[in-house]
Peer 1: 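Got a structure here, written out as structure tokens. Questions coming.
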2 protein chains.
Amino acid sequence: MKNQGEDILKNSALSVTASRKRILEIFLSADNALAHQDIETKCAEQYDRVTIYRTLQTFLEKGIIHNIPSTDNMVRYALCNETCITSGHHHDNHVHFKCDNCGKTVCLDDVNIPAVNLPKGYTMKEINMVVNGTCKSCK
Amino acid sequence: MKNQGEDILKNSALSVTASRKRILEIFLSADNALAHQDIETKCAEQYDRVTIYRTLQTFLEKGIIHNIPSTDNMVRYALCNETCITSGHHHDNHVHFKCDNCGKTVCLDDVNIPAVNLPKGYTMKEINMVVNGTCKSCK
DNA sequence: TTAAGAATGCAACTTTGTTGCAAAAGTATT
DNA sequence: AATACTTTTGCAACAAAGTTGCATTCTTAA
Ligand SMILES: [Mn+2]
Ligand SMILES: [Mn+2]
Ligand SMILES: [Zn+2]
Ligand SMILES: [Zn+2]
């Protein structure tokens, strides 16, 4: 195995390009979820803004990353676990945490979203839970 | 009581202006959460875009409306219940539902967000839950 | 009615996101 | 290794979303 990013791309039947490898590398070495802006900052001199948009879109569709909702108009992205990548669709059922202090958003991979009962007539397809507060680094 | 919107403004110690009354009216008569864009569509000929931004911001701070996170870069807003308005900060603990079919986002006022256990070191301040699927009108 | 303070509209600007198309790079085949 | 085919990229041009400062207008309270 030469390169983890390369493997992910091949497993998802995507062609291996420099920008895709670089963006995956950024995700793989990040300890928190990233907004488009974050990625742009890390590689805008190398790759076009449009390419980053398109790459994130592709990664989402292939189940390589998932997006995390927010109230600040900054959708953030994080790597999915193996299951999403191999099955081609999302199986993310974990809670997300956004720290009000350091601003970082993280996946709490071990915290499952609890079940919720919807009123009659509503059908659930996907569920998202985002907790705000103070993270363990900032407490 | 001449006007419900006027009352809300007075209770929040806000001056009563035409644009604020109009925007409140829009919320009061809406059956779903509204994005900035939705409000703009309903009153852009009357009021400036900037005024709408500032009004929503003010309403948020006063606990008149709350915002609903999303993965589509369209934060939506809905009226808070009395408790938020009178106490000046948010007490919204209900689940939100976004229909993939009609696109509407609604407050499920009767569905409380279930408790969740965070890992050691994390402190919760706020919690958001958004469910996607098919709503009762679209089923 | 008036004076002080707050909200609004406007202009100018920045940031974010989208689209079409030609050039470049990647992949599969010989 | 060269080829042909397909996909991805960069660029340009644009559209949409959001921000800021400031002069004018509106609200409120005295
Ligand atoms: Mn996650
Ligand atoms: Mn709500
Ligand atoms: Zn933190
Ligand atoms: Zn619906």
Peer 1: Can you measure A:Arg49 atom CZ to D:dA16 atom C1' for me and round it to whole angstrom units?
Peer 2: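 A:Arg49 atom CZ is separated from D:dA16 atom C1' by 12 Å.
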
Peer 1: I need the A:Ile8 CD1 to A:Leu24 CG distance, nearest 0.5 Å.
Peer 2: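 These two atoms lie 5.0 Å from each other.
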
Peer 1: Which sits closer to the 5' end of DNA chain D, A:Tyr47 or B:Thr17, going by the nucleotide each is nearest to?
Peer 2: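 Nearest nucleotide further toward 5': that of A:Tyr47.
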
Peer 1: Within the structure shown, what part of the strands sits under 4.0 Å from A:Arg20 by heavy-atom distance: base, sugar-phosphate, or nothing?
Peer 2: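 Result for A:Arg20 = sugar-phosphate.
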
Peer 1: Has B:Asn117 got more than 12 heavy atoms of other residues, nucleotides or ligands less than 6.0 Å from its CG?
Peer 2: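 At most 12 heavy atoms, drawn from other residues, nucleotides or ligands, come within 6.0 Å of this atom.
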
Peer 1: Hey, is the side chain of B:Gln37 poking within less than 4.0 Å of OP1 or OP2 on D:dA17, counting only N and O atoms?
Peer 2: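 Indeed, a polar side-chain atom of B:Gln37 lies that close.
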
Peer 1: What integer distance in Å separates B:Tyr53:OH from D:dA16:P?
Peer 2: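 B:Tyr53 atom OH is separated from D:dA16 atom P by 12 Å.
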
Peer 1: Mind calculating the distance between CD (A:Gln57) and C1' (C:dT19) to the nearest angstrom?
Peer 2: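 For the pair A:Gln57 CD and C:dT19 C1', the rounded distance is 14 Å.
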
Peer 1: Rounded to the nearest Å, what distance is computed from the CG atom of residue A:Asp48 to the P atom of nucleotide C:dA24?
Peer 2: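 Distance, rounded to whole Å: 15 Å.
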
Peer 1: Mind calculating the distance between CG (B:Leu14) and P (D:dT28) to the nearest angstrom?
Peer 2: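 My rounded result for the distance is 10 Å.
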
Peer 1: What does A:Gln46 touch in the nucleic acid at a heavy-atom separation under 4.0 angstrom: a base, only the sugar-phosphate, or nothing?
Peer 2: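 Sugar-phosphate contact only.
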
Peer 1: Within the side chain of A:Ser12, is there an N or O that forms a donor-acceptor pair under 3.5 Å with the backbone of A:Leu14?
Peer 2: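 Side chain of A:Ser12 to backbone of A:Leu14, a donor-acceptor pair under 3.5 Å: no, none is there.
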
Peer 1: Between P on C:dT8 and CD1 on B:Ile23, what's the gap in Å once rounded to a whole number?
Peer 2: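 Between P of C:dT8 and CD1 of B:Ile23: 8 Å.
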
Peer 1: Side-chain contact, heavy-atom cut-off 4.5 Å: B:Leu108 with A:Tyr122?
Peer 2: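 With C-beta onward as the side chain, the pair touches.
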
Peer 1: I'd like to know if A:Lys10 and A:Glu6 make a salt bridge, using a cut-off of under 4.0 Å between side-chain N and carboxylate O.
Peer 2: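 Judged by the 4.0 Å cut-off on N to carboxylate O distance, A:Lys10 and A:Glu6 do form a salt bridge.
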
Peer 1: Between A:Leu24 (CG) and D:dT8 (P), how many Å, whole number?
Peer 2: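 That distance rounds to 14 Å.
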
Peer 1: For C:dG17 and B:Asn73 - does any side-chain N or O of the residue sit under 4.0 Å from the phosphate oxygens OP1/OP2?
Peer 2: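 Yes, because at least one side-chain N or O of B:Asn73 sits under 4.0 Å from OP1 or OP2 of C:dG17.
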
Peer 1: Grab the NZ-P distance between B:Lys10 and C:dA6 for me, whole Å please.
Peer 2: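 Checked: the NZ to P distance equals 19 Å.
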
Peer 1: Using the closest heavy atom to pick a nucleotide of DNA chain D for each, name whichever of B:His36 or B:Val16 lands nearer the 5' end.
Peer 2: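 So the residue in question is B:His36.
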
Peer 1: So which nucleotide from C:dA6, D:dG10, C:dG9 ends up closest to the side chain of A:Thr51?
Peer 2: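 Given the options C:dA6, D:dG10, C:dG9, the side chain of A:Thr51 is closest to D:dG10.
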
Peer 1: Both B:Ser19 and A:Arg54 contact DNA chain C. Which one's nearest nucleotide lies toward the 5' end?
Peer 2: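 Taking each residue's closest nucleotide, the earlier one in sequence belongs to B:Ser19.
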
